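Everything on this sheet refers to the single structure shown next.
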2 protein chains.
Amino acid sequence: MITIKDIANAAGVSHATVSRVINNGPKVGDETRKRVKQVMQELGYRPNANARALVTQKHSALGVVVAELLDPFFATLAHGIDSVARQQNIQLLMSAGSIEKDTELQAIDTLMQHRCEAMVVHSKALDDDTLIEFAGQIPGFVLINRYIPQIAHRCVWLDNTAGGKVMTQHLLDLGHRKFAVISSRYQIDDPSERLQGIRNTLHAAGLTLDDSHIEYSSPDQKGGEHAMRHLLARGVDFTAVLAYNDAMASGAMTTLSDHGLQVPTDASIVGFDDVLLAKYCHPKLTTLHYPIEMMAVKAAELALAYARGEPTSTTHTYKYTPTLVKRDSAAQVHPR
Amino acid sequence: MITIKDIANAAGVSHATVSRVINNGPKVGDETRKRVKQVMQELGYRPNANARALVTQKHSALGVVVAELLDPFFATLAHGIDSVARQQNIQLLMSAGSIEKDTELQAIDTLMQHRCEAMVVHSKALDDDTLIEFAGQIPGFVLINRYIPQIAHRCVWLDNTAGGKVMTQHLLDLGHRKFAVISSRYQIDDPSERLQGIRNTLHAAGLTLDDSHIEYSSPDQKGGEHAMRHLLARGVDFTAVLAYNDAMASGAMTTLSDHGLQVPTDASIVGFDDVLLAKYCHPKLTTLHYPIEMMAVKAAELALAYARGEPTSTTHTYKYTPTLVKRDSAAQVHPR
DNA sequence: TTGTATGCGTTATCAT
DNA sequence: ATGATAACGCATACAA
């Protein structure tokens with residue numbers, strides 16, 4: 001590999017001068033600058049990013065910690081981050097990892113070993129204190145999909161409660177009064193927040209959600225099928241179903257269809273996330289659009305800005321609200 | 001940030017000894033080793049990956065260059081790579097980028113600046129010579145989804161021609177004799193290779209594929225809709241459709257349905273890739289399974305092995321063949 | 001078994 | 001405007 005010294009020799013200057021040229025340093029003769037650039041070109045010089053990071057004490061890359069690239073939700077997230085990285089010409093240090101404490105910890109640790117100063121982290125397994133501590137050590141530490149009051153200005157998150165409210169209200173507006181909920185057993189905050197939104201809204205309408213009308217399962221297709229099977233088997237009476245996400249909603253529709261029940265004629269169903277699947281399943285899902293890409297972009301920009309020490313508002317917090325996308329799975333309640 | 005010297009001081013040894021402990025060096029007293037580890041633990045030492053990479057002259061990370069994380073195909077690819085990276089405890093340097101010459105070049109260049117020795121590259125825009133040159137400079141340079149004879153042992157690729165053959169034969173076996181093809185206009189090799197496979201198989205069956213029966217469009221949902229609209233508008237006579245990929249197939253089905261045509265009653269259709277979509281669209285797509293995750297795993301392992309200088313067979317090439325997945329979109333030809 | 005010394009490729013601080 | 005020179009944190013050859 002050819003180094004800065006090689007260039008210096010070939011151009012007949014000191015390596016200090018070459019360094020100045022590379023970094024567009026202020027005090028270099030036009031003549032010299034030109035010659036050095038010429039030589040760099042000819043010899044195909046590539047600055048050693050590691051040496052640079054060492055002396056600078058910082059890696060310029062943007063670190064990313066997500067749970068699972070296969071999940072279209074995270075793919076979208078990654079895509080948003082990638083787009084700002086590309087735009088700002090910054091390298092991505094990606095650590096995918098399951099939702100496990102050790103894995104997440106490990107991922108962040110590796111990033112720190114690289115002295116990465118900007119990172120967007122999606123963590124559901126680590127506790128608040130740990131995260132707060134990281135935020136203290138890493139200038140550009142930003143959390144996505146999580147809200148921790150103490151580091152609010154580093155959080156880009158979704159108002160799940162509002163989401164629960166919107167989807168419920170829509171169904172109420174369509175005349176539904178008998179609800180069932182398919183929730184997720186695995187994650188912690190999101191499901192319960194959405195559930196809270198649902199409960200509040202129902203309550204405001206003079207209704208209550210009996211626990212027997214809630215079914216918990218894994219937050220995927222299979223979980224949705226499973227949950228709906230249980231609902232049906234237990235003879236729960238409902239005309240509308242609120243699902244934790246699109247995958248579960250889709251699974252639930254499959255089971256419904258297997259039992260000869262039509263959506264939305266026999267039952268309306270609303271999903272959450274608005275991933276690709278929502279458009280392709282049959283009937284097309286009415287769901288809540290999760291502006292994850294927009295959020296990812298904001299998170300990446302924020303992380304980079306903080307890492308650069310730019311004076312970003314430290315009082316502000318970045319809350320997003322999901323919006324209703326009406327498609328075909330929810331309709332006016334049908335008299336039996 | 002606490003360094004190796006801090007540990008040395010605290011433990012009352014030289015920093016060389018500490019270094020030996022870190023790297024499990026051979027000649028360290030049990031007693032010393034234990035004490036040093038103890039101190040590292042207490043002080044929360046994190047080795048500086050950049051310094052290490054500098055002195056070692058190599059970055060241990062695995063570089064990845066893919067086109068577009070949003071595409072579930074690439075997400076699966078990334079997932080496969082990620083799984084071996086995690087298993088081997090190796091960091092991922094990810095560069096997503098559009099399918100453009102400059103972007104791809106830029107991505108590889110950045111990886112080289114980091115002195116990354118292992119990389120899995122998905123390139124469709126760069127020419128053979130450029131890629132061959134990179135392969136010469138980077139020990140662990142591996143191409144995925146591309147075959148270049150001169151560097152065959154660094155290529156993990158799919159036999160597209162065989163794929164074209166399999167899908168065609170399946171439809172022939174179902175009694176179809178009138179074919180239409182929906183191909184992609186954008187990528188270069190894959191579509192034409194698949195087309196070649198289709199042509200060969202048709203020819204062997206005594207049939208020929210008229211150019212007017214081929215419609216080219218963008219390789220996505222919209223492209224599929226568009227292509228099918230044209231086919232229909234031009235009054236092309238067919239009972240079976242061979243699509244370039246699942247997205248196009250799905251789009252084509254939408255158009256068919258809009259025109260009151262039933263799949264597979266009025267027309268059979270076969271996709272390619274077997275992405276999630278294939279299972280969720282209606283009817284479920286008969287398609288060719290592209291073992292991309294398996295291939296990605298192999299590519300990552302290969303890249304890492306080459307980078308480590310392990311004696312991997314240099315004569316072997318890594319060709320994969322897609323397999324038929326029968327679902328509901330292709331059926332026995334229906335007499336009109 | 002342990003310590004000393006040197007260098008990896010840069011940037012940055014001095015002089016000149 | 002340019003050139004010595006020191007430092008960054010670490011691995012390692014060589015001494016002890």
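We use all heavy atoms of the structure for the numbers below, so side chains are in, but hydrogens, waters and symmetry mates are not. Proteins get letters first, then strands, A, B, ... in listed order; numbering begins at 1 in each. If you're wondering where the values come from, they're calculated on a predicted model, not measured in any experiment.
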Study note, to complete from the structure: Min and max contacting nt of DNA chain C in 5' to 3' order, chain A heavy atoms within under 4.0 angstrom, are dG9(C) to dT13(C)

Review point. Is there a side-chain contact between Thr56(B) and Asn50(A), using heavy atoms and a 4.5 Å cut-off?
Key: no

Check your understanding: If each of Thr3(A) and Arg35(B) is mapped to the nucleotide of DNA chain C with the nearest heavy atom, which maps nearer the 5' terminus, i.e. the 5' end?
Key -> Arg35(B)

Practice item. Please work out if Val13(B) contacts a base, only the sugar-phosphate, or nothing of the nucleic acid, heavy-atom cut-off 4.0 Å. Key: sugar-phosphate

Check your understanding: Hey, is the side chain of His15(A) pairing donor to acceptor with the base of dT5(D) inside 3.5 Å?
Key -> yes

Practice item. Identify the residue among Glu117(A), Met112(A), His114(A), Arg52(A) that makes a side-chain contact (heavy atoms from CB on, under 4.5 Å) with His59(A). Key: His114(A)

Practice item. Report the distance from atom CD1 of Ile7(A) to atom OG of Ser19(A), rounding to the nearest 0.5 Å. Key: 12.0 Å

Residues 127-135 of chain B side chain polar contacts: donor-acceptor under 3.5 Å, at least two apart:
residue, atom, partner, partner atom, Å
Asp127(B), OD1, Asp129(B), N, 3.4
Asp127(B), OD1, Thr130(B), N, 3.0
Asp127(B), OD1, Thr130(B), OG1, 2.7
Asp128(B), OD1, Arg146(B), NH2, 2.7
Glu133(B), OE2, Gln137(B), NE2, 3.4

Review point. So which of residues 43-58 of chain B are in contact with DNA chain C, with a heavy-atom cut-off of under 4.0 Å?
Key: Leu54(B), Val55(B), Gln57(B)

Revision key, fill the gap. In whole angstroms, the gap separating C1' of dC10(D) from NZ of Lys5(B) amounts to 10 Å

Revision key, fill the gap. In whole angstroms, the gap separating P of dA7(D) from CE of Met1(B) amounts to 22 Å

Exercise for review: Compare all side-chain heavy atoms of Ser83(A) with those of Val297(A) and state whether any distance is below 4.5 angstrom.
Suggested key: yes

Review point. Hey, what do you get for OG1 (Thr103(A)) to NZ (Lys101(A)), rounding to the nearest 0.5 Å?
Key: 12.0 Å

Review point. For Met294(B), does the CE atom have more than 12 heavy-atom neighbours from other residues, nucleotides or ligands under 6.0 Å away?
Key: no

Review point. OP1, OP2 of dA11(D) versus side-chain N and O of Ser19(B): anything below 4.0 Å?
Key: yes

Check your understanding: Given atom CD1 of Ile7(B) and atom C1' of dC10(D), what is their separation to the nearest angstrom?
Key -> 13 Å

Practice item. Please determine if Asp30(B) and Lys34(B) form a salt bridge, counting it only when a charged side-chain N lies under 4.0 Å from a carboxylate O. Key: no

Revision key, fill the gap. Rounded to the nearest 0.5 Å, the CD atom of Glu193(B) sits from the OH atom of Tyr147(B) at a distance of 11.5 Å

**Study point:** Any Ser14(A) side-chain N or O less than 4.0 Å from OP1/OP2 of dT2(D)
**Key:** no

